[in-house]
Amino acid sequence: MFDVGDSFELRNQYGFHLHVVIAEASDRKDGDVMLVYLTSSKSFRDETTIIRYGEHPFVDKLDTVSWIKYQNVMILTRVALAKLIVVDYGRVDDKLLERIQDGIEKLDYVEEWKKKLFRDWHMDRLYRMMGKG
């Protein structure tokens, strides 16, 4: 259904934003996924993971700086995620995904339990992928 690296414009309590799946609890159809979203502003920005024009089709303005808002890490079931999708953009570039995933570990304001969950899910996925190969 949805995989790590997939990106979507979602409508939720934060408005309309591009979200990227950065980890998954399992590859089951009803499994949980972890998402972060992209935001922009002309006044404030978190410099951890900047996404520039041309790195993703959602970022379509040259004069606006967009970044990942790690403060609002979301965990949803794939079923709940499907209900929120406005636009499906498909998978992000592997290098961009890696930059986004790396950012979650760098920030003090990401809750520690979310960091641990990310690490656990990320490692579980790597082990699953090694088992399939």
Side-chain angles (χ1 to χ4, degrees):
M1 193 174 196
F2 307 120
D3 199 9
V4 172
D6 287 347
S7 63
F8 316 93
E9 182 178 357
L10 301 184
R11 180 176 169 253
N12 59 27
Q13 71 267 29
Y14 305 115
F16 291 88
H17 294 281
L18 179 75
H19 289 69
V20 178
V21 177
I22 60 168
E24 63 183 0
S26 73
D27 54 5
R28 291 187 357 228
K29 186 172 108 175
D30 62 344
D32 288 340
V33 294
M34 181 179 288
L35 302 104
V36 292
Y37 74 84
L38 194 70
T39 193
S40 60
S41 168
K42 296 190 185 210
S43 58
F44 170 81
R45 68 177 176 237
D46 178 341
E47 299 281 337
T48 306
T49 307
I50 299 289
I51 303 193
R52 303 197 185 286
Y53 176 82
E55 289 188 280
H56 192 281
F58 185 82
V59 182
D60 60 358
K61 295 181 179 85
L62 283 168
D63 64 340
T64 303
V65 176
S66 299
W67 70 92
I68 299 297
K69 189 165 183 179
Y70 292 101
Q71 298 95 317
N72 296 50
V73 171
M74 297 173 57
I75 299 168
L76 297 170
T77 66
R78 285 182 168 93
V79 173
L81 171 59
K83 295 176 184 175
L84 299 173
I85 294 174
V86 176
V87 178
D88 182 345
Y89 283 97
R91 187 169 167 73
V92 299
D93 174 83
D94 286 341
K95 288 183 181 183
L96 178 56
L97 175 61
E98 187 175 318
R99 283 180 33 225
I100 294 169
Q101 289 173 322
D102 287 349
I104 201 164
E105 295 284 352
K106 294 177 183 177
L107 300 169
D108 292 336
Y109 53 75
V110 175
E111 295 170 282
E112 201 54 45
W113 73 269
K114 289 180 180 177
K115 286 182 182 183
K116 181 181 180 330
L117 190 60
F118 169 78
R119 285 189 295 268
D120 291 348
W121 287 3
H122 187 63
M123 290 306 298
D124 287 349
R125 178 180 165 82
L126 292 174
Y127 290 134
R128 282 196 315 271
M129 299 301 282
M130 287 174 18
K132 290 180 183 178

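Minimum interatomic distance between Val21 and Phe8 (heavy atoms only, all atoms of both residues): CG2-CE1, 3.9 Å. The shortest non-hydrogen separation linking Arg78 to Arg28 is NH1-O, 2.8 Å. The heavy-atom pair separating Ser7 from Asp88 by the smallest distance is O-OD1, 3.6 Å. In plain terms, the two heavy atoms of Ser26 and Gly31 that are nearest each other are OG-CA, 4.0 Å. Between Lys106 and Thr48, the closest heavy-atom pair is CD-CG2, 4.2 Å. The two residues Tyr70 and Gly103 come nearest to each other via the heavy atoms OH-CA, 3.4 Å.
Note on Arg128 versus Asp124: no salt bridge recorded, every NZ/NE/NH1/NH2 to OD/OE distance being 4.0 Å or above.
Side-chain atoms of Arg125 do not come within 3.5 Å of backbone N or O of Asp27 as any donor-acceptor pair. A donor-acceptor contact shorter than 3.5 Å links the side chain of Lys115 to the backbone of Leu107. Counting only distance, with no hydrogens or angles, the side chain of Glu24 and the backbone of Val4 share no donor-acceptor pair below 3.5 Å.
Ile75 places none of its side-chain heavy atoms less than 4.5 Å from the side chain of Val33. Using a 4.5 Å heavy-atom cutoff, the side chains of Leu117 and Val73 are not in contact. Between Leu10 and Ile85 there is a side-chain heavy-atom pair separated by less than 4.5 Å. Within the 4.5 Å cutoff, the side chain of Trp121 has heavy atoms near those of the Asp32 side chain. Taking the side chain as every heavy atom from C-beta outward, Ile100 and Ile51 approach each other to under 4.5 Å.
When the side chains of ILVMFWY residues are joined at heavy-atom separations under 4.5 Å, either directly or via intervening members, Leu35 and Val79 end up in two distinct hydrophobic clusters.
To the nearest 0.5 Å, atoms CZ (Phe2) and CZ (Arg91) are separated by 14.5 Å. The distance from atom NZ of Lys114 to atom CE of Met34, rounded to the nearest 0.5 Å, is 8.0 Å. Of the inter-residue distances, the one linking Glu111 atom CD with Ile104 atom CD1 reads 10.5 Å to the nearest 0.5 angstrom. With values rounded to the nearest 0.5 angstrom, Gln101 atom CD is found 10.0 Å from Leu96 atom CG. In this structure, the separation between CD1 on Ile22 and CG on Asp6 is 13.0 Å, given to the nearest 0.5 Å.
In this structure, Arg11 places its CZ atom where only 12 or fewer heavy-atom neighbours from other residues, nucleotides or ligands lie under 6.0 Å away. Heavy atoms from other residues, nucleotides or ligands lying under 6.0 Å from CD of Glu98 number 12 at most.
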>> side-chain contact (heavy atoms from CB on, under 4.5 Å), that's the test. Do Thr49 and Trp67 meet it? Break it down for me.
In response: CA-CA 6 Å; Thr49 307; Trp67 70 92; 5.9 Å; no
>> Let's go through Leu76 and Leu84 carefully: what are the C-alpha distance in whole Å and the side-chain angles of both, what is the deciding distance for side-chain contact (heavy atoms from CB on, under 4.5 Å) to 0.1 Å, and is it a yes or a no?
In response: CA-CA 10 Å; Leu76 297 170; Leu84 299 173; 3.9 Å; yes
> How far apart are the C-alpha atoms of Val110 and Phe118, what are their side-chain angles, what is the distance that settles it, and do they pass the side-chain contact (heavy atoms from CB on, under 4.5 Å) test?
Replying inline: CA-CA 11 Å; Val110 175; Phe118 169 78; over 6 Å; no
>> Go through it in stages, so that I can follow the logic: the residues are Val92 and Leu97, the test is side-chain contact (heavy atoms from CB on, under 4.5 Å), and I'd like the CA-CA distance, side-chain angles, deciding distance and then a yes or no.
In response: CA-CA 6 Å; Val92 299; Leu97 175 61; 3.7 Å; yes
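Scored by the salt bridge (charged side-chain N to carboxylate O under 4.0 Å, His left out) test, Arg52 finds no partners at all (sequence neighbours excluded).
In this pair, Tyr37 and His19 present their aromatic rings tilted. The plane angle is within the 30 to 60° band.
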